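Here's the structure, in structure tokens; my notes come after.
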Amino acid sequence: LKITGEYNPPVALTNGGKTAYYSKTIYRKPVTGLFSKKQEVHKIYKADKIGGEWKKISEVAICPGDYSAKHPAVSPDGKRLFFASNMPGSYGEYDIYVAAIHKNGALGQAKNLGSKVNTPKNDVYPNPVSNNTLVFASDGRKGYGNLDVYMVGVGQRSVGLAMNMGNTINSTYDEYSVNLLQSDGSGFVVSNRMAQGKDTQNVAFNLNDKPINIKDRDDRFLEAFNTEKQTQYSSSVFEDE
């Protein structure tokens with residue numbers, strides 16, 4: 001995914017700020033192909049803070065070696081790791097996956113969030129704004145610009161249908177993520193609209209400032225910002241271990 005003004009999401013901190021997940025680009029020779037050149041891949045790493053220093057840095061083996069995993073984000077309760085990957089089984093170029101974080105810090109099997117979330121193109125930058133509500137960016141749907149941000153309910157064993165967050169938040173440029181501040185629907189959207197596609201900035205918004213197009217939302221939209229309830233949906237896409 002190469003986009004002008006691409007957004008670098010923050011390091012995902014959990015365990016009281018003592019554990020960090022982040023991604024970086026490495027160059028790795030493919031397993032197959034005797035004369036294959038090294039290829040650029042993205043990998044997720046984990047680090048633990050010990051005595052005020054980051055130690056025990058290790059690669060998180062969450063996808064096959066020749067494929068990429070990036071944009072790690074941890075749910076507020078520290079129990080799930082969301083990330084984007086192009087591993088086999090993906091619907092498109094990059095899909096959003098989730099893996100359980102066990103009490104001992106080990107990760108469960110990565111599971112694709114399914115076709116209600118993922119598209120034939122790029123679905124990236126997952127950001128769990130609550131334990132059961134995920135915001136992400138996609139360029140695989142008919143939206144307002146290239147990357148638009150969407151919201152979806154993700155329960156323990158089911159996932160809702162992704163909703164475009166509307167023209168209060170999305171523009172004809174790229175939107176990467178949102179950070180919610182208050183229960184009244186205010187916050188910041190990470191976008192390159194102010195620099196016309198070149199650099200990312202935080203742009204303030206309030207969902208009550210102007211109506212969201214009715215085709216882009218339903219009555220659950222505002223409720224999704226603060227709900228911590230176990231939402232049930234019509235079909236199960238994945239099941240936690």
Side-chain angles (χ1 to χ4, degrees), residues 1-13 20-25 40 42 44 68-76 82-86 92-96 117-130 133-153 162-218 220-226:
L1 176 61
K2 295 290 185 180
I3 296 175
T4 302
E6 187 170 357
Y7 166 57
N8 292 317
V11 172
L13 294 175
Y21 292 91
Y22 63 96
S23 62
K24 68 177 182 179
T25 302
E40 178 182 298
H42 305 276
I44 295 175
S68 290
K70 59 183 180 178
H71 307 161
V74 180
S75 59
F82 294 88
F83 63 97
S85 178
N86 62 354
E93 297 177 33
Y94 274 89
D95 279 9
I96 295 175
V117 172
N118 295 309
T119 68
K121 296 186 74 176
N122 290 296
D123 300 281
V124 287
Y125 301 116
N127 178 18
V129 295
S130 78
T133 305
L134 183 73
V135 170
F136 67 98
S138 176
D139 64 359
R141 297 170 170 83
K142 186 177 181 181
Y144 295 94
N146 189 14
L147 282 176
D148 275 11
V149 286
Y150 293 79
M151 177 176 283
V152 64
M163 296 181 291
N164 188 296
M165 295 190 73
N167 61 359
T168 297
I169 294 176
N170 290 308
S171 71
T172 57
Y173 291 95
D174 293 313
E175 277 68 44
Y176 304 90
S177 186
V178 298
N179 297 300
L180 305 177
L181 300 180
Q182 300 177 6
S183 60
D184 63 359
S186 63
F188 294 91
V189 57
V190 182
S191 174
N192 61 17
R193 74 183 78 172
M194 303 298 290
Q196 297 185 348
K198 296 180 181 179
D199 298 307
T200 58
Q201 295 176 321
N202 288 334
V203 181
F205 69 83
N206 191 306
L207 294 177
N208 297 314
D209 286 345
K210 85 176 183 180
I212 298 174
N213 285 353
I214 192 65
K215 68 181 179 65
D216 295 324
R217 58 161 290 184
D218 63 22
R220 296 172 299 155
F221 188 85
L222 288 175
E223 296 177 5
F225 281 98
N226 289 305

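In this text, all values refer to a predicted model and were calculated from it rather than measured experimentally.
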Considering non-hydrogen atoms only, spot the tightest contact between [X] and [Y] and give its length.
{"X": "Pro72", "Y": "Phe83", "value": "CA-CB, 4.2 Å"}
{"X": "Met194", "Y": "Val203", "value": "CG-CG2, 3.8 Å"}
{"X": "Asn86", "Y": "Glu93", "value": "CB-O, 2.9 Å"}
{"X": "Glu175", "Y": "Ser191", "value": "OE2-OG, 2.6 Å"}
{"X": "Pro76", "Y": "Pro128", "value": "CD-O, 3.9 Å"}
{"X": "Tyr144", "Y": "Gly166", "value": "CE1-C, 3.8 Å"}

Which value, rounded to the nearest 0.5 Å, describes the distance between [X] atom [atom1] and [Y] atom [atom2]?
{"X": "Lys121", "Y": "Asp95", "atom1": "NZ", "atom2": "CG", "result": "13.5 Å"}
{"X": "Thr200", "Y": "Asn202", "atom1": "OG1", "atom2": "CG", "result": "8.0 Å"}
{"X": "Tyr176", "Y": "Asn8", "atom1": "OH", "atom2": "CG", "result": "9.5 Å"}

Going by the angle between their ring planes, with limits at 30° and 60°, are Tyr7 and Tyr125 parallel, tilted or perpendicular?
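Taking Tyr125 first and then Tyr7, their aromatic rings sit tilted (interplane angle of 30° to 60°).
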Look at the side chain of [X] and the backbone N and O of [Y], then say whether any donor-acceptor pair between them is shorter than 3.5 Å.
{"X": "Asp148", "Y": "Ser138", "value": "no"}
{"X": "Asp139", "Y": "Asn146", "value": "no"}
{"X": "Asn192", "Y": "Asp174", "value": "yes"}

Can you sort out the partners of Tyr150 under ring pair (Phe, Tyr, Trp, His ring centres under 6.0 Å), two or more places apart, ordered by chain and number?
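Result, ring pair (Phe, Tyr, Trp, His ring centres under 6.0 Å) vs Tyr150: Phe136.
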I want to check something: taking the side chain as every heavy atom from C-beta on, are [X] and [Y] in contact at a cut-off of under 4.5 Å?
{"X": "Met165", "Y": "Val135", "answer": "yes"}
{"X": "Tyr94", "Y": "Ser68", "answer": "yes"}
{"X": "Ile96", "Y": "Leu134", "answer": "yes"}
{"X": "Asn164", "Y": "Ile169", "answer": "no"}
{"X": "Asn127", "Y": "Asn179", "answer": "yes"}
{"X": "Arg141", "Y": "Asp123", "answer": "yes"}
{"X": "Thr25", "Y": "His42", "answer": "yes"}
{"X": "Pro9", "Y": "Ser177", "answer": "no"}

